[in-house]
Amino acid sequence: MNVVYNPQSIEKKAQESWEHENLYQVTEDLSKEKFYCLSMFPYPSGKLHMGHVRNYTIGDVIARYQRMLGKNVLQPMGWDAFGLPAENAAMQNNIAPAAWTYSNIASMKQQLKQLGFAIDWSREIATCQPSYYRWEQWLFTKLFERGLIYRKTGTVNWDPIDQTVLANEQVIDGKGWRSGAVIEKREIPMYYFRITQYAEELLNDIDTLDHWPEQVKTMQRNWIGKSEGVTIHFPYTLDDQQAVLKVFTTRADTLMGVTYVAVAAEHPLASHAAQNNSELDAFIEECKRGSVAEADLAVQEKKGQFTGLYVQHPISGENIPVWVANYVLMSYGEGAVMAVPAHDERDFAFAKTYQLPIKQVISIENETFSADSWSEWYADKHRGVCINSESLNSLNHHQAIEKIAALLEEKKLGEKQTTFRLRDWGISRQRYWGCPIPIIHCNQCGDVTVPEEQLPVVLPEDVIPDGAGSPLAKLPSFYETTCPKCHQPAKRETDTMDTFVESSWYFARYACPDASQMIDKRADYWLAVDQYIGGIEHAILHLLYSRFFTKMMRDLNLVHVSEPFQKLLTQGMVTAPTFYRETPEGRKQWFNKTEVDISLDPKGRPISASLIADGNTVAMGGIEKMSKSKNNGVDPQTLIDTYGADTARLFIMFASPPEQSLEWSDSGVQGSHRFLKRLWSFATQHAALIRTQKEKPNAIPSSIKSWWREVQQVIQQTEKDYQRHQFNTVVSGGMKILNLLESLDLSIENNIYYLREGTNILLRILYPIVPHITYTLWEELNFKDSIVTQKSPQADPHALIQDEIDLVLQILGKTRDKITVPAQADSTYIESVVRDHATVAKFTEGRPIKRIVIVPGRLVNVVI
RNA sequence: GCCGAAGUGGUGGAACUGGUAGACGCGCCGGACUCAAAAUCCGGUGCCAGAAAUGGCGUGAGGGUUCGAGUCCCUCCUUCGGCACCA
């Protein structure tokens, strides 16, 4: 046994033996309880970053722990291989996205193997392979035939110089990232998944997700955004035609306070009015500038323009002016809103800007309304009653809505309606590196789905995009085809699918990666995923889409669960300090920590930094998420090469609990490494004694009774901590046991049994986190079988029993002393001890004791 | 702007259900070993006052509930994640 801890050699050996024995490959075994442990698959960007290492380490720890509980654990891995970065890399390096992607997969797979994850590699999938995406295309055709996919126009960012559609990410301050041109909104035809058809179920089933973080569930509920309201029709006459303008509102009780209505720039009424109104036309054009991102829209200045048109108030018949406003979203409700300046803050500000009337229709006792300035209570729907509203007067919010809805329904000018904030999911992308949409456009037959026997529609892999438009649209060999129905020449769809589509069902394909259909019955054994682990940034979109897909696949009888992920763990990000200098042009140049020298104050806090290259100062930019753009990443490969995979795993698990963000610390890494070295040298130093198999003493020797109880307490604690995924305290539990073992007096014969027992426990506690070193030591110390097949340690209840316990003595809630009482002492006994206690006498100073609060097993509080 | 989180020593974090705040590390200080350094080992370490015993203060800020609040409630501040074409 080598006395020096050499992670490189022991890790390589352990990994080779695991691979040789095929330890992590699993099959459906009905005799065992299954556990499907899934981490979000990576985008193959080139090499692993620290976020990946964290994600997959958490997954691996859970998978190995579940295995120790005797379960049949599936932990697969694959590649979310389609996406925009491959196209960017292609343009930069003149390499085809496919070649770039496959080479990235190879190197990242190599790195994952070095980290020693218990992955079943026989199930590996890459979404860019035709064998994967053909089933996505197949599903598309089925859903299209069922009407769950449809075509309509949608708004995209258009770069007028590059003549191409841009992703939101590629629009910076309203300008194209390459061309610098001001971006325009453009309407183009797209395919949509009818996710709104499942809105109600997606919302209701959130209640069944007992093991999801509450915050994620709340975010999903708000994203779906169910609201009960009333659709109100405002009649108007245009070119002698009778029509109605529909608006949706949750505040129908304020209908009598409407002083204008506002429509989105894209609303038909706006376009109509703009035909002979150049000022309005210019305004609508202005609204079309800038990105389509909602965050950008929400912060822009609220602007509007009168259309010159009027609609009639459905109750009073008054003329109501129609405005175009940039804050009205065409995609929500009817693309039009009724404005009640007196009781909506945004309408109030708008009315002030454009001198529109403000009419109070809600009042609250003891509050005075003033049209001069806004007060929070104007919008309070819980306390007010209607005024100035004819038959609604003195009714509250609910009563008024019921009454007005009935009134409108009778007049056929409105109806109660449930609306969702959730919109249908537009999946068309005018890009090359994605799954081709399996549609053929025929002049005779319209949109025809590609028949099953012609699938997959294979994406040519040797294309290098040039940044201008979609490469597929320039490839006649791809788009020229014949109609499957009439066999006339026809054009293949050249858009590809949103990459979120691939990641919405991959978890089901892992169950049967080689199936000759989309999903076969093996999925019934493995689904649902028992534990899903991934970044919090996916809390809404990816998770919602996966839930939606699961429900659609269930309705197609492909899977038999309604929810894909039973338990969800959302990991925090990995952060590190940043350093920068401002260039003369005012741009920030970021430096990596390896390029700078940091000076510390006497307490070890960083005070300044300088660039090693020139010795001049650089600014400290604070702690930020590790990213390429801030140049503050730490390469996991360097970490593995220097310290080994176990140190990397240990540090990441120890530095913070999985859901919190993790701050990188070089000295923290060294500390973790030091612990493993200590463990190794402790084991090698005492190897002979540990290997000695002593008889278990009949009773725990009284000299180490409390020592042994401490070990047992740690077992009890780490058991709980594993279950609640608080791995940082599992590690500190392991450190405590090593500290205890080092304090054990080995000159006492009886203690040798406890040395072996304690070491055995320690290795099993740490195994899921640092599998290589514990696997090796287990073998070296002649413990039974392999640690891979061991059970997780369990506390011995007898060893936990105490005869006497310490109670904290508080006086008026302040800790003053401790008292020792028999473990089964009752409150009468404790009270009598406390009344006679010197410390109590000292602090009460003769004042009478009013009350004695006793918390069993914990504390006594004397109230005076 | 909207939705969702987080703020605890010099520092990462612990405190599970309202019950001893600071476990376990890192750093720092002191010591041992060494010609010396590194590594390793031992001891100390929330802040203020004090030689010490001890006392006071202390979980972003301000209020509240409670015998008792890091934990529950209200208001505010700061930082972070998402906002539908980054993945």
Side-chain angles (χ1 to χ4, degrees), chain A residues 40 42-43 45 80 83-85 154 156-157 165-171 213-216 218-219 221-223 225 291-300 302 327 331 346 421-423 425-431 498-500 503 535-542 544-545 570 572-573 575 600-605 622-625 654-657 659-672 674-675 677-678 681 717 720-721 724 726 728-729 731-736 739 806-815 818 850-853 855 858-864:
Chain A
M40 290 181 186
Y43 176 77
S45 52
D80 189 12
L84 199 51
V156 293
N157 302 306
V165 176
L166 294 185
N168 284 338
E169 189 194 47
Q170 300 170 312
V171 180
E214 214 45 58
Q215 51 159 319
V216 175
T218 308
M219 280 193 263
R221 279 189 194 102
N222 292 336
W223 186 261
S291 90
V292 298
E294 202 173 302
D296 295 333
L297 296 173
V299 291
Q300 71 188 1
K302 309 288 176 279
Y327 65 83
S331 50
R346 193 176 53 187
R421 205 189 74 99
L422 181 70
R423 319 196 281 259
W425 174 17
I427 53 113
S428 294
R429 299 291 179 268
Q430 298 67 47
R431 276 195 254 292
D498 180 358
T499 56
F500 270 124
S503 56
I536 181 72
E537 66 273 19
H538 293 292
I540 298 174
L541 293 178
H542 164 61
L544 188 67
Y545 293 151
T570 49
M573 57 200 175
T575 63
L600 307 173
D601 72 2
K603 290 194 160 169
R605 210 174 357 191
I623 311 292
E624 304 241 22
K625 177 177 177 167
F654 182 49
S656 66
E659 313 227 79
Q660 282 180 36
S661 68
L662 181 151
E663 193 186 318
W664 190 260
S665 147
D666 291 329
S667 49
V669 173
Q670 285 159 26
S672 295
R674 191 175 304 154
F675 171 70
K677 281 197 288 187
R678 259 178 69 207
S681 65
Q717 189 59 49
K720 262 185 216 164
D721 289 342
R724 62 183 176 135
Q726 193 166 292
N728 54 331
T729 49
V731 175
S732 68
M735 290 173 170
K736 273 184 200 172
N739 290 344
D806 283 344
L807 293 182
V808 169
L809 177 59
Q810 292 187 335
I811 288 134
L812 282 176
K814 288 198 181 234
T815 303
K818 253 195 269 187
K850 212 157 111 190
R851 221 176 116 190
I852 295 178
V853 183
V855 183
R858 281 197 178 268
L859 60 71
V860 187
N861 188 15
V862 181
V863 186
I864 51 178

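In the text below, chain A, chain B and the rest are named by the order of the sequence lines, each starting its count at 1.
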For this session: May I ask you to evaluate whether A:Arg429 reaches the phosphate of B:C85, defined as a side-chain N or O under 4.0 Å from OP1 or OP2?
Result: yes
Seminar exercise, completed: Interatomic distance, OG1@A:Thr499 vs OH@A:Tyr43, rounded to 0.5 Å, equals 8.5 Å
Seminar exercise, completed: Residues at least two apart in sequence or cross-chain that pass ring pair (Phe, Tyr, Trp, His ring centres under 6.0 Å) with A:Trp664, listed by chain then number, are A:Phe651
Exercise. CZ of A:Arg221: more than 12 outside heavy atoms within 6.0 angstrom?
Worked result: yes
Exercise. So what does A:Leu422 touch, heavy atoms closer than 4.0 Å: a base, only the sugar-phosphate, or nothing?
Worked result: base
Exercise. What integer number of Å spans the P atoms of B:A53 and B:C41?
Worked result: 29 Å
Exercise. With rounding to whole Å, what would you report as the distance between B:C72 and B:C16 at their P atoms?
Worked result: 11 Å
For this session: Using the P atoms only, state how far B:G55 lies from B:C80, rounded to an integer number of Å.
Result: 43 Å
Exercise. P atom, B:A69 versus B:U20: distance in rounded Å?
Worked result: 11 Å
For this session: Give a yes/no on whether any side-chain N or O of A:Ser665 is located under 4.0 angstrom from OP1 or OP2 of B:C26.
Result: no
For this session: Consider the side chain of A:Glu663, meaning its heavy atoms from C-beta on, and name the nucleotide among B:A15, B:G12, B:C83 that approaches it most closely.
Result: B:G12
Exercise. Out of B:C16, B:G1, B:G4, which nucleotide sits closest to the side chain of A:Ala298?
Worked result: B:G1
Problem set entry | Flag side-chain contact, heavy atom, 4.5 Å: A:Gln717 against A:Thr729 | no
For this session: Respond yes when some side-chain nitrogen or oxygen of A:Lys814 is under 4.0 Å from OP1 or OP2 of B:C57, and no when none is.
Result: yes
Exercise. Hey, is the side chain of A:Gln170 pairing donor to acceptor with the base of B:C85 inside 3.5 Å?
Worked result: no
For this session: Just call it for A:Phe500: base, sugar-phosphate, or nothing, with non-hydrogen atoms closer than 4.0 Å on any strand.
Result: base
Exercise. Contact class for A:Val863 vs. all strands (heavy atom < 4.0 Å): base, sugar-phosphate, or nothing?
Worked result: sugar-phosphate
Exercise. Within the distance-only criterion (no hydrogens, no angle test), does the side chain of A:Arg421 pair as donor or acceptor with the backbone N or O of A:Trp223 below 3.5 angstrom?
Worked result: yes
Exercise. Using a cut-off of 4.0 Å on non-hydrogen atoms, how would the nucleic acid contact of A:Lys677 be classed: base, sugar-phosphate, or nothing?
Worked result: sugar-phosphate
Exercise. Which of the following nucleotides, B:G27, B:C83, B:C86, is nearest to the side chain of A:Ser667?
Worked result: B:G27
Exercise. Which part of the nucleic acid, if any, lies within contact of A:Arg423, taking any heavy atom under 4.0 Å across all strands shown: a base, the sugar-phosphate backbone alone, or nothing?
Worked result: base
Exercise. Within the structure, does a side-chain N or O atom of A:Arg851 lie under 4.0 Å from either OP1 or OP2 of B:C67?
Worked result: yes
Problem set entry | Minimum-distance nucleotide to A:Leu84 side chain [options: B:G12, B:A87, B:A15] | B:A87
For this session: Could you check which of B:G19, B:C86, B:C16 has an atom nearest any side-chain atom of A:Pro85?
Result: B:C86
Exercise. Quantified in whole Å, what is the C1' atom distance between nucleotide B:A14 and nucleotide B:A21?
Worked result: 9 Å
Exercise. Base, sugar-phosphate, or nothing for A:Met573, non-hydrogen atoms under 4.0 angstrom?
Worked result: sugar-phosphate
For this session: Assign A:Val156 to base, sugar-phosphate, or nothing according to its heavy-atom contacts below 4.0 angstrom with the strands shown.
Result: base
Problem set entry | Spacing of the C1' atoms in B:G9 and B:C47 (rounded, Å) | 8 Å
Exercise. Under a 3.5 Å cut-off on both pairing distances, which runs of 3 or more consecutive Watson-Crick or G-U pairs involve RNA chain B?
Worked result: B:1-7 with B:77-83, B:10-12 with B:24-26, B:27-32 with B:40-45, B:46-49 with B:54-57, B:60-64 with B:72-76
For this session: Measure up the A:His542 and A:Phe500 rings against each other and bin them: parallel (under 30°), tilted (30 to 60°), perpendicular (over 60°).
Result: parallel
For this session: Check ring pair (Phe, Tyr, Trp, His ring centres under 6.0 Å) between A:Phe675 and all other residues, then give those that pass, not counting sequence neighbours.
Result: none
For this session: Look at A:Gln660 and B:G12 and indicate whether a side-chain polar atom (N or O) is within less than 4.0 Å of OP1 or OP2.
Result: no
Exercise. Which is true for A:Ser661 with a 4.0 Å heavy-atom rule: it touches a base, it touches only sugar-phosphate, or it touches nothing?
Worked result: sugar-phosphate
Distances under 3.5 Å between nitrogen or oxygen atoms of protein and nucleotides 23-25 of chain B:
residue	atom	partner	partner atom	Å
B:A23	O2'	A:Lys736	NZ	2.9
B:G25	OP1	A:Asn739	ND2	2.9

Exercise. With no hydrogens and no angle check, is any side-chain donor or acceptor of A:Gln660 less than 3.5 Å from a backbone partner on A:Pro657?
Worked result: no
Exercise. Taking the side chain as C-beta and beyond, is there a heavy-atom pair between A:Arg678 and A:Asn739 under 4.5 Å?
Worked result: yes
For this session: Go through the N and O atoms of the side chain of A:Gln430 and the base of B:C85, and report whether any donor-acceptor pair is under 3.5 Å.
Result: yes
Exercise. Looking across every strand, which nucleic acid part, if any, lies under 4.0 Å from A:Ala295 by heavy atom: base, sugar-phosphate, or nothing?
Worked result: base
For this session: Using a 4.0 Å heavy-atom cut-off across all strands, classify A:Glu537 as base, sugar-phosphate, or nothing.
Result: base
Seminar exercise, completed: Expected label for B:G9 (glycosidic angle, syn inside 90° of 0, else anti) would be syn
Exercise. Considering only the C1' atoms, how many Å lie between B:G70 and B:G1, rounded to the nearest integer?
Worked result: 32 Å
For this session: Mind checking A:Glu294 for me? I need base, sugar-phosphate or nothing, with any heavy atom below 4.0 Å counting as a touch.
Result: base
Exercise. Counting any heavy atom closer than 4.0 Å, what does A:His542 reach on the DNA or RNA strands: base, sugar-phosphate only, or nothing?
Worked result: nothing
Exercise. For B:C83, does OP1 or OP2 lie under 4.0 Å from any side-chain N or O of A:Asn168?
Worked result: no
Problem set entry | P gap between B:A6 and B:G25, integer Å | 28 Å
Seminar exercise, completed: Nucleotide by nucleotide, nucleotides 68-74 of chain B touches protein heavy atoms under 4.0 Å in the pattern (B base, S sugar-phosphate only, - none) S------
Exercise. Are any non-hydrogen side-chain atoms of A:Asp296 and A:Val171 less than 4.5 angstrom apart?
Worked result: no
Seminar exercise, completed: Against the side chain of A:Pro657, the closest entry in B:A87, B:G81, B:G13 is B:G13
For this session: Please determine if a side-chain N or O atom of A:Asn222 lies less than 4.0 Å away from the OP1 or OP2 oxygen of B:C2.
Result: no
Problem set entry | Main-chain N/O of A:Val292 paired to A:Asn157 side chain as donor or acceptor, under 3.5 Å | yes
Exercise. Across the strands shown, which category fits A:Arg421 at heavy-atom distances under 4.0 angstrom: base, sugar-phosphate, nothing?
Worked result: base
For this session: Answer yes or no: is there a side-chain heavy-atom contact under 4.5 Å between A:Val216 and A:Ile536?
Result: yes
For this session: Identify whether any heavy atom of A:Gln726 sits under 4.0 Å from a base atom; if not, whether one sits that close to sugar-phosphate; answer base, sugar-phosphate or nothing.
Result: sugar-phosphate
Exercise. Which listed nucleotide (B:C26, B:C85, B:G82) is nearest to the side chain of A:Arg431?
Worked result: B:C85
Exercise. Within the side chain of A:Glu659, is there an N or O that forms a donor-acceptor pair under 3.5 Å with the backbone of A:Thr570?
Worked result: yes
Exercise. Within a strict 4.5 Å, meaning less than it, do heavy atoms of the A:Thr575 and A:Glu624 side chains meet?
Worked result: no
For this session: Quick one: list whatever passes side chain to side chain donor-acceptor pair (under 3.5 Å) with A:Asn861, sequence neighbours left out.
Result: none
